[in-house]
Amino acid sequence: MKNLSARLRRSAVLLLALVLYAAPSPARAQQATFAASGDVPVVVSPVDLGEPAANVIVSKVLAENKRRNELLQKYTVVRTYEIRTHEGKLAAQSVVRMEYRAPDAKTFEKTSEKGSGIVRRLVFDRLMDSEKESATGKQHQDSALTPENYEFHLAGEDEVGPYHCFLLEVTPRRKDKYLFEGRIWIESHDFAVVKIEGHPAKKPSFWINRADFVREYQKVDEFWLPLRDETQVDVKVYGKRVLTIEHGPYVIPDKPELRTESAN
């Protein structure tokens, strides 16, 4: 009887890990960045709300993001991956040192771990493997925040902490588990993503009633890099679980001069 109970607990943990991995965390599903594009010499001064103004903003973001990416050659960051119950009880944690080298190489080195080994292997390890594999592959292009994948609508302006932002509503052009529906906050001077929130365009699993995510960015020197990811998953039978990824501190060894062209 005791062995049966232990097997059932292990099966429950395994199922929960697979369900959480299927949920579209921002770090894995769409990488939460605008894909690089050719330079688009536009002046952004949207007067009217709606799709035309949003497309002008997105064009500027694509150009600014490409320029920043070309200058950012390498950095390291400490990441803390955690899964908790809705009440805050820790299920698993991994602290990782991630090193990025341009144009798309990422390496991960674990520095500490605690909690369920099954969840760490099936969720955290797979998230890291998927991030390495998707950086330049088809999945990256299929999930990038581009007009090919999304319709953008300027809903207004908003404040996020110290940043004045354009608020864009985002609608996917197709039902795809790597796309999402939600909102994006764009910093009005740097034309950088400050925050993204939403839910998957396609239900990722039978076991998931709902999944919602938020990704926040921070300005490090002259670059905009991830600050925090949070994905809340409502799982059938098991209830709500929360996956978080804390990013920081960052170390950028070679700090190039980044000249920002202000838009009027």
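Note that the numbering runs from 1 along the sequence shown for the chain. Both backbone and side-chain heavy atoms feed into the values below; hydrogens, waters and symmetry mates do not.
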Given K66, R67, R68, the one that forms side chain to side chain donor-acceptor pair (under 3.5 Å) with E70: K66
Any side-chain donor near an acceptor of the partner, H164 and E157, under 3.5 Å: yes
Min side-chain heavy-atom separation L145-I184 under 4.5 Å: yes
Residues K132, D129; criterion salt bridge (charged side-chain N to carboxylate O under 4.0 Å, His left out); working and verdict: CA-CA 5 Å; K132 287 187 291 186; D129 290 342; 3.8 Å; yes
Short side-chain to backbone donor-acceptor contact, R241 and T231, under 3.5 Å: no
Inter-residue atom distance Y250.OH - I252.CD1, 0.5 Å rounding: 9.0 Å
In one Ile/Leu/Val/Met/Phe/Trp/Tyr side-chain cluster, 4.5 Å: Y163, I196: yes
Side chains of C165 and E159 in contact at under 4.5 Å (non-hydrogen atoms): no
Minimum heavy-atom distance A211-P200, with the two atoms named: O-CD, 3.1 Å
I186 CD1 to F166 CZ distance, which is reported to the nearest 0.5 Å: 9.5 Å
Shortest non-hydrogen contact from A201 toward K175: O-CD, 3.2 Å
Stepwise side-chain contact (heavy atoms from CB on, under 4.5 Å) check, E216 with V214: CA-CA 7 Å; E216 300 171 276; V214 178; 4.2 Å; yes
Heavy-atom closest pair, residues E148 and R174: O-NH1, 4.2 Å
Intermediate values then yes/no, salt bridge (charged side-chain N to carboxylate O under 4.0 Å, His left out), E151 and R173: CA-CA 7 Å; E151 294 179 4; R173 293 189 180 276; 3.5 Å; yes
same_hphob_cluster(F191, V160) at 4.5 Å side-chain heavy-atom cutoff: yes
Under 3.5 Å: donor-acceptor pair, side chain of S130, backbone of R126: no
Of all pairs that satisfy ring pair (Phe, Tyr, Trp, His ring centres under 6.0 Å), the ones with a partner from residues 86-112, not counting sequence neighbours: Y75-Y100
N149 side chain to A144 backbone, donor-acceptor under 3.5 Å: yes
Student check: side-chain heavy atoms of W185 and D158 closer than 4.5 Å: yes
Donor-acceptor pair, side chain of T244 and main chain of E230, under 3.5 angstrom: no
K236, NZ: over 12 other non-hydrogen atoms inside 6.0 angstrom: yes
Gap separating the CG atom of D234 from the CD atom of Q232, nearest 0.5 angstrom: 9.5 Å
Heavy-atom side-chain contact between P249 and V77 under 4.5 Å: no
More than 12 heavy atoms of other groups within 6.0 Å of K110 NZ: yes
F213 to H199 - nearest heavy-atom pair and separation: CE2-N, 4.1 Å
pair T80-I245: side-chain heavy atoms closer than 4.5 Å: no
Interatomic spacing from CG in N65 to CG in D190 - rounded to 0.5 Å: 11.5 Å
Heavy-atom pair with the smallest gap, counting every atom of L72 and A102: O-CB, 3.8 Å
L243 side chain near R84 side chain, heavy-atom distance below 4.5 Å: no
Transitive ILVMFWY side-chain link V78 to F124, under 4.5 Å: no
Linked, directly or transitively: L227 and M98 (ILVMFWY side chains, under 4.5 Å): no
Verdict with supporting geometry, D104 and K106, salt bridge (charged side-chain N to carboxylate O under 4.0 Å, His left out): CA-CA 7 Å; D104 50 46; K106 293 182 179 182; over 6 Å; no
Close side-chain approach of I83 to V123, heavy-atom, < 4.5 Å: yes
Separation of S116 OG from R121 CZ (nearest 0.5 Å): 7.5 Å
Sole residue of R215, R228, R183 in salt bridge (charged side-chain N to carboxylate O under 4.0 Å, His left out) with E197: R183
Reference residue R79; test salt bridge (charged side-chain N to carboxylate O under 4.0 Å, His left out); the match among E131, E109, E99: E131
Donor-acceptor under 3.5 Å (Y150 side chain, F180 main chain): yes
Minimum side-chain heavy-atom gap H247-D229 below 4.5 Å: yes
Main-chain N/O of K89 paired with E87 side-chain donor or acceptor, under 3.5 Å: no
Minimum heavy-atom distance K195-Y217, with the two atoms named: N-CD1, 4.5 Å
